[in-house]
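Input: a single structure, listed below in structure tokens.
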Number of protein chains: 2
Amino acid sequence: MAAPPDDVVSDPQDDLAAAVLRPLRAHHAFESCVEMLATSIRLGIYPDGSTLPPERELAERMGVSRSTLREAIGALRDAKLLTTRRGRGGGSVVEFHPEEPGASPKLQRPREELLDALAFRRIVEPGAAHAAAKRTLTGQQAEMLRASLERVNSAAGKAVHRQADAQFHLAIASLTESPLLIDAVTNVQVRLHEMLGAIPVLDRNIDHSRQQHDAIAEAILAGDAFKARRVMESHCDDTAALLRGLM
Amino acid sequence: MAAPPDDVVSDPQDDLAAAVLRPLRAHHAFESCVEMLATSIRLGIYPDGSTLPPERELAERMGVSRSTLREAIGALRDAKLLTTRRGRGGGSVVEFHPEEPGASPKLQRPREELLDALAFRRIVEPGAAHAAAKRTLTGQQAEMLRASLERVNSAAGKAVHRQADAQFHLAIASLTESPLLIDAVTNVQVRLHEMLGAIPVLDRNIDHSRQQHDAIAEAILAGDAFKARRVMESHCDDTAALLRGLM
DNA sequence: CCGATAAGGTTCGATACCAGACCTTAAGGC
DNA sequence: GCCTTAAGGTCTGGTATCGAACCTTATCGG
């Protein structure tokens, strides 16, 4: 506004403007593309040894031209995250072992952004659990949830467990079939996955979280929306406490 | 191989991929720019007669080049939403009267997207109310909330009320100081505002909603997080019921 | 009345991205 | 063993956007 230095602090109206006029166009499409693919691989959505979808399909899904997508894939190839073979039956094959011993990659986002993600998660994930439990699930959906749970519980190794954990939470969100909610949970899980990779997690924490996962899945399958939400809230609180303490 | 032809229907893994590999790059920057500014004006964040921030500042806030921003402003000028004056003290002056009699603009988004927004809102806005109530508000924040409430209650005319309503909800979100949450509420309110503009709202509905607003603000100011959440949930449910019935 | 200043208006080259056509390689099917 | 097909690889022209400098207009202060 005419912003004379009259106010000591900001005009409330300005705050609203800042809220609505958020920045669009996240950096370059190329970079976001690399990040998105790398995330998918690290989350184990495309596990080691699997083949990515064909370039033309990926490009369309990500709303990006094939040239841009190819540059991104090239970058991942340079980063040794995948290899590419030509010809029919070819494609980009993932080469990523989530073993990384004490790698402890540095946090790449500012701490406050991560704390924000934890607070936001505390709202959306319990909401997702609640919504998922209220739906009547198809057999296939129930099956997917059980499979996700099974994968978390049988995960050997912390890195693998971390992947399976993220996928379990994404699975719950996808049960709601709400694009906005799925998007919110995805965002949050990406940041969470990064945070969990940067701190030491004890076996005791994992056991505790497994019990909570069991209870959450059970409540969702039983259609007990309130219980699903309550347990998910505890689960988020516990993880957040762990992270806030160790970051 | 991750993709053996065993799937009769879609592989659950595919659903997760679809979740993480969401489309980036919302169409053209120019269009999003026009939409964002038009929304700000229609929401009354820049009320009739006020001047927009200088182009250079706006461009930076929206993460867009000045040329693109100027094209957007030009489009709004063509749409008679503002006029522009040159020279010092000049700028783009909003010319928008939220009176529009029975205009009832058509819904521009697919119905299912709007229903999704209602479902998502039912999760994030109660969460925002809860989080806002848990915070210790500064005097200025409390003041802003009271002012927003006052503006809703004193709004003359339905269109003006609709603006003030959106701003009240945005104000609550901004109290949380959580960027992710603010963003979520903003998204939801934009869609909601559009929906409410497309249906006839009765005075009775407005009265009812005013009572709920009072209760919400009171609970937040009193620090009663659970009550704030409960009332906001009812509020969202009631609005959603109204909309689902009339759309 | 006149300079400083704060705005909008204009121009231009660089570049990221897109859309599509086309080429090359390697499996599979007949 | 050929032909189809499903993949990746390459090329090209077009366009949106950026960015940064520069011009023009109008107000304000002395």
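Letters A, B, ... mirror the listed sequences (proteins, then strands); counts begin at 1.
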Checklist entry - Base, sugar-phosphate alone, or nothing: which one does B:Ser67 contact when heavy atoms must sit under 4.0 Å apart? => result base
Checklist entry - At under 4.0 Å between heavy atoms, what does B:Gly91 touch on the DNA or RNA strands: base, sugar-phosphate, or nothing? => result sugar-phosphate
Checklist entry - Are any non-hydrogen side-chain atoms of B:Arg70 and B:Arg66 less than 4.5 angstrom apart? => result yes
Item to check | Heavy-atom side-chain proximity of B:Cys33 to B:Leu69 below 4.5 angstrom | outcome: yes
Item to check | Of all pairs that satisfy salt bridge (charged side-chain N to carboxylate O under 4.0 Å, His left out), the ones with a partner from residues 178-192 of chain B, not counting sequence neighbours | outcome: A:Arg22-B:Asp183, B:Glu113-B:Arg191
Next on the checklist: At a heavy-atom distance below 4.0 Å, what parts of residues 70-86 of chain A sit against DNA chain D?
Outcome noted: A:Arg70, A:Thr84, A:Arg85, A:Arg86
What integer distance in Å separates [X]:[atom1] from [N]:[atom2]?
X: A:Met62; N: C:dC17; atom1: CE; atom2: P; value: 12 Å
X: B:Leu52; N: C:dG8; atom1: CG; atom2: P; value: 9 Å
X: A:Glu60; N: C:dC18; atom1: CD; atom2: P; value: 13 Å
X: B:Leu58; N: C:dG8; atom1: CG; atom2: C1'; value: 13 Å
X: A:Arg56; N: C:dC22; atom1: CZ; atom2: P; value: 13 Å
X: B:Arg66; N: C:dG9; atom1: CZ; atom2: C1'; value: 7 Å
X: A:Phe30; N: C:dC17; atom1: CZ; atom2: C1'; value: 12 Å
X: B:Leu24; N: C:dA16; atom1: CG; atom2: C1'; value: 13 Å

Checklist entry - Closest nucleotide of DNA chain C for B:Gly87 versus for A:Thr68: which of these residues is on the 5' side? => result B:Gly87
Checklist entry - Pick the nucleotide of DNA chain C nearest each of B:Gly90 and A:Gly89; which residue has the one closer to the 5' end? => result B:Gly90
Checklist entry - Considering residues at least two apart in sequence or located in another chain, which fulfil the side chain to side chain donor-acceptor pair (under 3.5 Å) criterion with B:Ser65? => result B:Ser67, B:Thr68
Reported [atom1]-to-[atom2] distance for the pair [X] and [Y], which is rounded to 0.5 angstrom:
X: B:Leu76; Y: B:Ile41; atom1: CG; atom2: CD1; value: 5.5 Å
X: B:Leu82; Y: B:Leu37; atom1: CG; atom2: CG; value: 8.0 Å
X: A:Leu81; Y: A:Ile73; atom1: CG; atom2: CD1; value: 12.0 Å

Next on the checklist: Going by side chain to side chain donor-acceptor pair (under 3.5 Å), name the pairs with one or both residues in residues 87-96 of chain B, residues two or more places apart or in two chains.
Outcome noted: B:Thr84-B:Ser92
Checklist entry - Under a criterion of less than 4.0 angstrom to any heavy atom of chain A, what are the 5'-terminal and 3'-terminal contacting nucleotides of DNA chain D? => result D:dT5 to D:dC18
Which atom pairs, one a donor and one an acceptor, fall under 3.5 Å between side chains of residues 116-125 of chain B and the rest of the protein, sequence neighbours left out?
residue  : atom : partner  : partner atom : Å
B:Asp116 : OD1  : A:Ser178 : OG           : 2.4
B:Asp116 : OD2  : A:Leu180 : N            : 3.0
B:Arg121 : NE   : B:Glu125 : OE2          : 3.1
B:Arg122 : NH1  : B:Asp237 : OD1          : 2.9
B:Arg122 : NH1  : B:Asp237 : OD2          : 2.8
B:Glu125 : OE1  : B:His169 : ND1          : 2.8
B:Glu125 : OE2  : B:Gln189 : NE2          : 2.6

